[in-house]
Asker: 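Right, I'll just put the structure down here and ask away after.
Lettering of chains follows the sequences in order, A, B, ..., and the numbering in each one begins at 1. Just so we're clear, the structure is a prediction, and the values are computed from it rather than from any experiment.
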There are 2 protein chains.
Amino acid sequence: MTGCRVSVDTVLFRLGLARLQVLLLRRLRPPFAGWSSLPGGLLHPREELQAAAVRILRQRAGLDDVYLEQLFTFGDPARDPRGRVITVAHIALVPPATPLPAGDASWTPLHALPRLAFDHRRIVDYALQRLRGKIEYSPVGFRLLPEEFTLTEVQEAYEAVLGRVLDKRNFRKKLLSLKVLRPLGRARKVGAHRPARLYRFEESRWEGVRDKGNVFVF
Amino acid sequence: MTGCRVSVDTVLFRLGLARLQVLLLRRLRPPFAGWSSLPGGLLHPREELQAAAVRILRQRAGLDDVYLEQLFTFGDPARDPRGRVITVAHIALVPPATPLPAGDASWTPLHALPRLAFDHRRIVDYALQRLRGKIEYSPVGFRLLPEEFTLTEVQEAYEAVLGRVLDKRNFRKKLLSLKVLRPLGRARKVGAHRPARLYRFEESRWEGVRDKGNVFVF
DNA sequence: GGAGTAAGTGTGACGTTGACACGAACTCCC
DNA sequence: GGGAGTTCGTGTCAACGTCACACTTACTCC
């Protein structure tokens, strides 16, 4: 068969300690043995691209049910020293408490990335850029949160992604005005201070928001 | 070599008669003989993705020096009846006067597309959606215009892409306030009416605009 | 009951958006 | 040479969104 190999790599983000983290694997074999890399693998012959990303995340990180979207296809003929492999990169988002199986996978803060194998650094950089753009006009940010969350948690998520601090009152005012959160009437008791009210994101209320040109720009 | 074939397809837009048009080729051979399709072809073994798109546009449409960006990679295992081919779709923009070589290529208005081969209709739809989004926060719109243009031409370009009419005074006020156009001090004399002043887009003035959060939303 | 901590809340200044109508400049024709 | 026809080019005002900014509330722990 003529053609070249096609792989799928995923930049998997989560929030940890109010910082954005990505999942990295430690490579055991050459090339780049001992380096860190994104979870990825070759596309199977009759497999959808996104299905491949899902399969690989399950195999390599024991994860199920993650939010996934295609990012970009990297095709530099020299990106893999073993021969040509083009890779379809994806972005994935998971909530903070996502467990990891033991093994060679670890969450790494984005501001302290080690050297990455192949062109994976470029892929991560591009993924962050895209995530920053997208979080402002789409509700993907909630994929980084648990189902029930406080407003402070939402703000921390936005701050972690955007890399800047936001004004508390303005953030809450804007977010609530979009009418996409449903207050649960309950509160989370945590520590020695006033409990925070819990909310849930209502996917179904999103459509009208986008149609009106409203958006998560804070 | 294990792997599947990889092709590159391009949705090439231009403006014609104040409408958005795409370049279509007529297929001569099966599958889909007689149908229209996007210009595309197989990736060469040591070729960059974007270089392949450039080569194909040159070969199939005689075009050089077009604006190109990657759109999305379509990987449905059944998208080509001959066997698996994943395709890296691109968007290209050219100014209105772009000549076409004779042959099987033709400009087709977007609102009157014929049936397209493979999944090319889906690709065109997605390309339009992306172009509409992108024109509002990046100056790609100017790639659809000649180097020197009038404000009315810019407005027509935005109206054609966005598919809605815009207010003339508000459009001009906003566009000029971004300070990315350089007035040429000359005018284009055309027909029996007041001549229109000519402008040029200044790439170098764009950075500051984006940094300030300004944008081409009209 | 006092200290400590995060949650929750409103106002006013400023800038942006959006609706809206008419004179200016040119050509062509008579 | 003047009138008809056509597109170019321009300003104001009201409504709305954004941004800066500080204190009280609710709870726990000692």
Asker: Could you give the CD-to-C1' distance, from A/E153 to C/dA7, as a whole number of Å?
Answerer: 12 Å

Asker: Calculate the interatomic distance between B/R186 atom CZ and C/dA25 atom P; express it in whole Å.
Answerer: 20 Å

Asker: Distance check needed: C/dT9 C1' versus A/L175 CG, whole Å only.
Answerer: 15 Å

Asker: Look only at the side chain of A/R132 and the backbone of A/V161, and say whether a donor-acceptor pair between them is shorter than 3.5 Å.
Answerer: yes

Asker: Could you tell me how far apart A/L176 (CG) and C/dG10 (C1') are, to the nearest whole angstrom?
Answerer: 14 Å

Asker: Could you run down the sub-3.5 Å N/O contacts of the protein with nucleotides 20-22 of chain D?
Answerer:
unit_1, atom_1, unit_2, atom_2, d
D/dA20, N7, A/N170, ND2, 2.9
D/dA20, N6, A/N170, OD1, 3.2
D/dC21, N1, A/R169, NH2, 3.4
D/dC21, N3, A/R169, NH2, 3.2
D/dC21, N4, A/D167, OD2, 3.3
D/dA22, N1, A/R169, NH1, 3.4

Asker: Looking at every strand, decide which applies to A/T150 at a 4.0 Å heavy-atom threshold: base, sugar-phosphate, or nothing.
Answerer: nothing

Asker: Is it true that B/F74 and B/F118 have ring centroids separated by less than 6.0 Å?
Answerer: no

Asker: Quick one: does any side-chain atom of B/E159 pair with a main-chain N or O of B/L166 as donor and acceptor, under 3.5 Å?
Answerer: yes

Asker: Within 45° of the six-membered ring axis of B/F216 and under 6.0 Å from that ring's centre, is NZ or CZ of B/K174 located there?
Answerer: no

Asker: Whole-Å distance between C/dG18 P and B/Q155 CD?
Answerer: 14 Å

Asker: Is it true that A/E47 and A/R55 make a salt bridge, defined as a side-chain N closer than 4.0 Å to a carboxylate O?
Answerer: yes

Asker: Is B/E156 salt-bridged to B/R19, going by a charged N under 4.0 Å from an acidic O?
Answerer: no

Asker: Once you build an axis from the first five pairs and another from the last five of the helix from C/dG1-D/dC30 to C/dC30-D/dG1, how far apart in angle are they, to 10 degrees?
Answerer: 0°

Asker: Identify whether the distance between the nearest side-chain nitrogen and carboxylate oxygen of B/E202 and B/K179 falls below 4.0 Å.
Answerer: no

Asker: Rounding to a whole Å, what distance do you find between B/R197:CZ and D/dT7:P?
Answerer: 18 Å

Asker: To check you understand the geometry: which heavy-atom pair defines the closest contact between B/E69 and B/V140, and what is its length?
Answerer: OE1-CG1, 4.3 Å

Asker: When you check the gap from the basic side-chain N to the acidic O, do A/R188 and A/E153 get nearer than 4.0 Å?
Answerer: yes

Asker: Starting from C1' on D/dG11, measure out to CZ on B/R172 and report it in whole angstrom.
Answerer: 14 Å

Asker: Does the ring center of B/F201 lie less than 6.0 Å from the ring center of B/Y199?
Answerer: no

Asker: Measure from CZ on A/F171 to P on D/dT18 and round the result to the nearest Å.
Answerer: 13 Å

Asker: Do the side chains of A/I56 and A/D9 get nearer than 4.5 Å, heavy atoms only?
Answerer: no

Asker: Tabulate atom names and distances for all N/O pairs under 3.5 angstrom spanning the protein and nucleotides 27-30 of chain D.
Answerer:
unit_1, atom_1, unit_2, atom_2, d
D/dC27, O2, A/A192, O, 3.4

